[in-house]
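Order of the sequence lines fixes the chain letters, A, B, ..., with proteins taken first and strands second; residue numbering starts at 1 for each chain.
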Protein chains: 4
Amino acid sequence: MTPAPEIAASRWFNSEPLTLAALRGRPVLLHAFQMLCPGCVSHGTPQTQRAFELFKHSDLQVIGLHTVFEHHAAMTPVSLEAFIHEYRLTFPIGVDEAGDGTPIPVTMQRYGMQGTPTSILIGRDGNIVHHGFGQQSDMALGAIIAAELAAPHA
Amino acid sequence: MTPAPEIAASRWFNSEPLTLAALRGRPVLLHAFQMLCPGCVSHGTPQTQRAFELFKHSDLQVIGLHTVFEHHAAMTPVSLEAFIHEYRLTFPIGVDEAGDGTPIPVTMQRYGMQGTPTSILIGRDGNIVHHGFGQQSDMALGAIIAAELAAPHA
Amino acid sequence: MTPAPEIAASRWFNSEPLTLAALRGRPVLLHAFQMLCPGCVSHGTPQTQRAFELFKHSDLQVIGLHTVFEHHAAMTPVSLEAFIHEYRLTFPIGVDEAGDGTPIPVTMQRYGMQGTPTSILIGRDGNIVHHGFGQQSDMALGAIIAAELAAPHA
Amino acid sequence: MTPAPEIAASRWFNSEPLTLAALRGRPVLLHAFQMLCPGCVSHGTPQTQRAFELFKHSDLQVIGLHTVFEHHAAMTPVSLEAFIHEYRLTFPIGVDEAGDGTPIPVTMQRYGMQGTPTSILIGRDGNIVHHGFGQQSDMALGAIIAAELAAPHA
């Protein structure tokens, strides 16, 4: 069992600030991306939007996290805001808090993410159910989420 | 609750003959297709192959059914066998039994299928959980299967 | 300069019988395919249909050739006819004449084709301009055809 | 005959500054895009890269132009530079000069472009051969370029 570390975001789009602590009891899909990461733009981020829409009647919480670890000056919140608008992203997106003395932002460090895109599923009990780096298939992601949604509540 | 009618197949590829009766207690994904149906070849049939591979360690049973309701002379079992070989399909595939005095084959009639591709999920209890005609998304199909797999056994 | 051998077809769909001899002076795009060849169905054959539509106001002649060299019983003209109907192919398609004592049909042998899909461009002067086996890019094929169309007539 | 207006760029990537005047006698493919325009990122810009590679042995000059007409603060040259790096774009790209009292940049105005992506082919004689807004097919673009390349030089 690996407890999911809390997320640290300096700013939010499409949502009030969110914390895992307040979401305990609900499954959370955490999608880490960068707006200039080609694999995120072509695959991971639209996949997250599809998950947000498919499971909107469940109690799954989808959270995007802009984990900028390179080209920081190129991917500011101003640019991210336009990206969210142009790509019609409607799920909550937080800006991962800048690291102290490191280019890696805080939440990305806490989870030991290897890069972007990364999709993590956190169970109702606050433990990490799945941590996937790179391209995940839609069918596998749908299955992993549904299995957690179907699991008996504590 | 709609009980799933038994399937009627005149010939099998990749498997011994299968019946729903003998599979009671296991979820079954039934994929009806025609080898010359473009939407089957480009979407439904490869999707079924993906489901077969993703869930191979579960007790899901995947069954393809060649439900020829048009161009009968063009889609004989001889042609189907070459199709299965060329498209590297490895899940069990039955040939839906020819209808008596109608172009619609027997199983297709029993289920009231509207055409191909059709994907049907049958639950452990033998009832129809999902009946989808046309293009289904991979994420939704993965979720529907996983939810049934997670459901408590009787 | 490699003169294009004459094509030998036992039957035609979407057209009266065609010969290269009668087409001399016009460029010809010759597309060899098999209806159960996945790379043909997903790429080569729809690409040929796009070329047929894009260049319909030019004097390019598009010819499909069903060059069956395996699974002969599975890809008869009866099956091909249904394939052409279901995939909405509207360009002329000939059935390559059966080989004598060999599974390789006559035209396929004459051109030394390595398999399917193969796309060959024959120039106005009857010589082979391009012989491509496997997946060709749309952009390259469009360019090769346009260059031949733009070449000065003899 | 519509003479192609001169381009006005405030900065260049992957190239020394270019002018149409200096390129007279060579065909020019001018691709106008914005780094946060989804249709550019998924279709127009990779298509331009393909054209750059396919025609590299010809005398075609490919020019990208970053024509920002919205979200100006989000698409600065700093962000564009990272975009070019991440998407592995290797053709020359100019930053369209900011408009005076209008959000529309200078070259975009001169050409009367309707939006992004826009792909324009300029002939050897400096006239506009093709002005395409939105998605162009690869085959058609390849054909238009090849036809111009094959046209007799003055």
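Only the side chain of B:L54 comes within contact range of chain A, with at least one heavy atom under 4.5 Å from a heavy atom of that chain. Looking at B:Q47, the atoms closer than 4.5 Å to chain A (heavy atoms on both sides) sit in the backbone and in the side chain alike.
Between A:A150 and B:A150, the shortest heavy-atom contact is CB-CB, 3.6 Å. B:A146 approaches A:A146 most closely through the heavy-atom pair CB-CB, 3.9 Å.
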